[in-house]
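All remarks here apply to the structure that follows.
The chain is numbered in sequence order, starting from 1. Every heavy atom of this structure was used, including side-chain atoms; hydrogens, water molecules and symmetry mates were not.
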Amino acid sequence: MPRTARVKSKSGIYHVIIRGTNRQEIFHDDEDCLRFLETLAKYKVKSEIKIYGWCLMNNHIHLLVKEGKEELATTMKRIGVSFVGYYHCKYDTTGHLFQDRYKSENVESEEYLMTVIRYIHQNPIKAGLVSKPQDWKWSSYSEYYGKKLYPQELLDSELILKLFSEDNEIAEKRFKEFNEQENEDNCLDDVITTRLRDEDVRLEIKKIISGINVGQIKSLPKDQRNKIIKKAKCIEGVTQRQLARVLGVSQALISIT
């Protein structure tokens, strides 16, 4: 069945989600996260996109962007190809890392723009990883308060802050209050609820393996890989789907191993 053509945003602004194929992990350590942001910064300049927010989760990415001088799909492909090249080189892997097609939704109003940025920043909270937006290291939240932790000029904060006030100090205060409000926002919902958090599963797997990065397990010789999978399946509370996601292998392989 042919894919449905994306409807162009009149504002040029989109909320984008990039997922790992089979919901596998994309980021295994801080170096991976930083490399993605550096890649994003590189193609922001080349494609002249605006970046209003981001959040890097273990197996998916949220972006709030405005299309630049080329189609957004072209820009996303450039970013994906570059990061996948880095990933395969580092972890000695091959094949797909991202799902073939990213998800996106148009952001056509100021009200929804505010909703999406809050949703993105609260994604780690709703996934049960942290209790406050500022506690998640890999999002744009802290950048809205002038903390330059990541590639310079990556975040374009002016548009959203001005929705709260023309005075920057007042805007930051109101922005913080708004972003920390409890809510039932649902924007391209991608939070996966499991008995164990993926982070907990990854930590348990690291106890099983020695001298091997979690991202390399799928590329190990069959016998060695399957031995690790069998041990991982004994982790209390883990599901086969979750294990497949963390290890980056098919659920069918987990099932028959």
Side-chain angles (χ1 to χ4, degrees), residues 16-37 39 54-63 76 79-103 123-124 126-130 136-139 188-257:
V16 172
I17 293 181
I18 310 169
R19 292 174 174 166
T21 187
N22 297 321
R23 297 189 183 275
Q24 75 176 65
E25 290 202 335
I26 301 168
F27 307 111
H28 302 294
D29 55 29
D30 285 357
E31 181 183 38
D32 295 344
C33 293
L34 184 58
R35 180 57 178 257
F36 182 83
L37 293 181
T39 303
W54 72 83
C55 183
L56 310 186
M57 303 292 282
N58 293 331
N59 68 350
H60 67 281
I61 302 158
H62 287 271
L63 301 174
M76 298 312 302
I79 292 168
V81 168
S82 180
F83 183 79
V84 170
Y86 152 82
Y87 183 96
H88 287 332
C89 182
K90 177 178 177 179
Y91 294 110
D92 192 25
T93 57
T94 58
H96 294 291
L97 175 63
F98 298 126
Q99 283 187 356
D100 289 340
R101 200 182 195 208
Y102 64 87
K103 290 178 65 178
N123 208 239
K126 294 182 178 181
L129 300 176
V130 294
W136 187 251
K137 183 178 180 181
W138 297 106
S139 84
L188 281 178
D189 192 14
D190 197 55
V191 177
I192 303 164
T193 303
T194 57
R195 294 170 64 188
L196 279 178
R197 299 180 306 168
D198 286 358
E199 178 67 21
D200 295 328
V201 173
R202 187 166 58 255
L203 290 174
E204 290 299 317
I205 292 173
K206 286 181 179 179
K207 296 177 183 178
I208 297 171
I209 60 181
S210 178
I212 304 171
N213 192 292
V214 173
Q216 295 175 306
I217 293 174
K218 61 187 174 185
S219 300
L220 293 174
K222 180 179 178 181
D223 290 346
Q224 187 180 2
R225 179 201 66 197
N226 289 354
K227 185 177 180 180
I228 293 173
I229 291 175
K230 287 179 180 178
K231 290 182 178 180
K233 287 171 70 174
C234 295
I235 297 172
E236 185 176 357
V238 72
T239 66
Q240 290 189 7
R241 177 179 291 182
Q242 185 180 30
L243 199 56
R245 185 167 66 244
V246 171
L247 295 179
V249 300
S250 70
Q251 191 173 338
L253 175 60
I254 300 296
S255 179
I256 65 176
T257 301

query: Do Lys206 and Val214 come within less than 4.5 Å of each other through their side chains, counting heavy atoms only?
result: yes
Note, Tyr91 side chain near Lys218 side chain (heavy atom, < 4.5 Å): no
message: Check whether His62 reaches the backbone of Cys55 with its side chain - one donor and one acceptor, N or O, closer than 3.5 Å.
response: no
- prompt: For residues Asn123 and Trp136, is any side-chain donor paired with an opposing acceptor at under 3.5 Å?
  reply: no
query: Within a strict 4.5 Å, meaning less than it, do heavy atoms of the Ile18 and His60 side chains meet?
result: no
query: side-chain contact (heavy atoms from CB on, under 4.5 Å) between Val16 and Ile61: does it pass, once the steps are laid out?
result: CA-CA 8 Å; Val16 172; Ile61 302 158; over 6 Å; no
message: As a test of understanding, state which of Phe36, Trp138, Tyr87 forms a side chain to side chain contact (heavy atoms under 4.5 Å, CB included) with Phe27.
response: Phe36
task: For the pair Thr39 and Arg35, evaluate side-chain contact (heavy atoms from CB on, under 4.5 Å) and give the outcome as yes or no after the intermediate values.
output: CA-CA 6 Å; Thr39 303; Arg35 180 57 178 257; 4.1 Å; yes
message: Distance alone, cut at 3.5 Å: any donor-acceptor contact between the side chains of Gln242 and Asp198?
response: yes
message: Assess whether a salt bridge exists between Asp29 and Lys90, defined as any Lys/Arg side-chain N lying under 4.0 Å from an Asp/Glu carboxylate O.
response: yes
- request: For the residue pair Ile205 and Ile235, establish whether any side-chain heavy-atom pair is separated by less than 4.5 Å.
  value: yes
message: Evaluate Phe83 against Leu97 for side-chain contact (heavy atoms from CB on, under 4.5 Å), listing each step before the verdict.
response: CA-CA 9 Å; Phe83 183 79; Leu97 175 63; 3.8 Å; yes
query: Given the rule in the side-chain contact (heavy atoms from CB on, under 4.5 Å) test, do Ile26 and Arg19 qualify, once you have shown the distances and angles that lead to the verdict?
result: CA-CA 8 Å; Ile26 301 168; Arg19 292 174 174 166; 5.9 Å; no
message: Just so I know, are the side chains of Ile17 and Leu63 near enough to count as touching, which here means a heavy-atom distance under 4.5 Å?
response: no
